[in-house]
Number of protein chains: 2
Amino acid sequence: MSTTTSTRASAARERIVETAFSLFYARGIRAVGVDLIIAESGVAKATFYKHFPSKDDLVVAYLDRVDDVWTAQLKQAATAAGDAPAVQLVGLFDALGTACRRDGYRGCAFINAAAESQPGTPVHDRTVAHKTAVLSWVSDLATQAGARDPGGLARSLTLLLDGGLASGSLDASPEAPRVARECADALVSAALAGRPSPAAGR
Amino acid sequence: MSTTTSTRASAARERIVETAFSLFYARGIRAVGVDLIIAESGVAKATFYKHFPSKDDLVVAYLDRVDDVWTAQLKQAATAAGDAPAVQLVGLFDALGTACRRDGYRGCAFINAAAESQPGTPVHDRTVAHKTAVLSWVSDLATQAGARDPGGLARSLTLLLDGGLASGSLDASPEAPRVARECADALVSAALAGRPSPAAGR
DNA sequence: TTGCACATAGACAGATCTGTCTGTTAGCGT
DNA sequence: ACGCTAACAGACAGATCTGTCTATGTGCAA
């Protein structure tokens, strides 16, 4: 087992991805050159290109990192709200509020990346995959909650979530996440009306 | 009166803005160089820089153009749906469906532009101004409709709209706009429950 | 000790991008 | 007929960006 190797490789690679995470998000992907990332992460150019044969490879790694982080925050917010799926569907919106409040918040990294890439490219595909994964997770939750139309409810909620993510950076007020959460609450309640049992129906 | 002058000036300027409109939207702002716009619009470089001293000036003109077009489409969809404000609040979502169906659709030009610019710059400010204007228009409509909480309703609806605009480009299915519209319908009905009169209440 | 895998340092090529500058051409009003 | 203004054509400077290449250093294992 090449523990030593991969550990050492990780050190440089990890620094690169970490730096890319900050810079790409804060300034945009095209606005940040590899030279800056190399300088900022204190890595040699050859090392950089050994780990990431092209800039796009790093961008993909960046998006994978964002996916890990954001998905974890969503799930954490959901479970923190309670055990019942219906409660979790609303609770996940707390992650939105937390994200928008963080300073340096600049919207959804995926939507931003999609804005800078063409459909059909690996980078753009990553965005689609992420949004699909979130939708499917919310859909499962809606099914477990016993919603009348789980797919439709999930779609509505993710629409609201994406809207909140997009608006949050254009609007200093904390109103957007709050309204999104309240709105989600109303939608979930409506979708569950008449089947208030904690366990899924039938 | 310099009618002649401004008419002539318009010809070149108009071609530039029109070209920028297509290219910036389709490929992203940073991805399109001024050289390409100059070539594509068949204009001399000196002429370009006479009308737009810097690329950013053109980007601002581009966003102003998008604002005109999109705002008109929203209002057209709203009035086409009917005269009652409550109906218009839902009807405006038809513009979303139409936009998403157009091919080459690549999300909201403003959100995309914001993704490529820094807060505090003229370009970014344009985005904020646009979103603020839409919110305020929807808010007026909600007030006229006699909604319980016009501001909150307007916020919810624009959240849904932005979410639809963002998701629409990541998701080939026409489901997002449809769900957004249905969801808007539910929200408007809920906000108006108990005051079904076409004229605002009290 | 010798070799190997990984890292550093930084010069370099080639493309591209923004913005400037020079010189020429065409239409319009006086 | 003349001059003004806008437009055209395109070379040029300077910066920046991606990606390659050479030369060197370092720690671990056999």
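The chains referred to below are lettered A, B, ... by the order of the sequence lines, with proteins before strands, and numbering in each begins at 1.
- The B/Ala46 side chain lies nearest to C/dC21 when the options are C/dC21, C/dA9, D/dA7.
- Which of D/dT20, C/dT18, D/dC8 sits closest to the side chain of B/Val34 comes down to C/dT18.
- Distance, A/Lys55 NZ to D/dT20 P: 15 Å, rounded to whole Å.
- Atoms OH (B/Tyr49) and C1' (D/dA7) sit 17 Å apart, rounded to a whole Å.
- Picking from C/dG19, D/dG19, D/dC21 the nucleotide with the shortest atom distance to the side chain of A/Ser54 gives D/dG19.
- The CZ-P distance, from A/Phe48 to C/dA7, rounds to 14 Å in whole Å.
- In plain terms, the two heavy atoms of A/Ala31 and A/Arg27 that are nearest each other are CB-O, 3.2 Å.
- Nearest to the side chain of B/Lys50, among D/dA6, C/dT18, C/dG19, sits D/dA6.
- Using a 4.0 Å cut-off between a side-chain N of Lys or Arg and a carboxylate O of Asp or Glu, A/Glu18 and A/Arg13 do not qualify as a salt bridge.
- Ranking D/dA11, C/dA11, C/dT22 by closeness to the B/Lys45 side chain, first place goes to D/dA11.
- For the pair B/Ile38 CD1 and C/dG19 P, the interatomic distance rounds to 10 Å; values are reported in whole Å.
- Nearest to the side chain of B/Thr47, among C/dT18, D/dT18, D/dC8, sits D/dC8.
- When rounded to the nearest whole Å, the span between CZ of A/Phe52 and P of D/dT18 equals 15 Å.
- To the nearest angstrom, P of C/dT8 lies 15 Å from CG of A/Asp35.
- Taking atom CZ on A/Arg30 and atom P on C/dT18, their separation rounds to 11 Å, with Å as the unit.
- Taking all atoms of both residues into account, the shortest heavy-atom contact from B/Gly107 to B/Ser169 is N-CB, 3.4 Å.
- Between A/Val66 and A/Phe110 the shortest heavy-atom distance is CG1-CE1, 3.7 Å.
- The CG atom of A/Asp57 sits 13 Å away from the P atom of D/dT18 (whole-angstrom rounding).
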Inset, instruction - Would you sort out whether A/Asp140 and A/Thr143 count as a side chain to side chain donor-acceptor pair (under 3.5 Å), showing the intermediate values? - result: CA-CA 5 Å; A/Asp140 285 352; A/Thr143 303; 5.2 Å; no
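- Here D/dC8 is the nucleotide among C/dT8, D/dC8, D/dA7 with the atom lying nearest to any side-chain atom of B/Arg15.
- Taking only side-chain atoms of A/His51, from C-beta outward, the nucleotide of C/dA7, D/dC21, D/dA7 with the closest atom is C/dA7.
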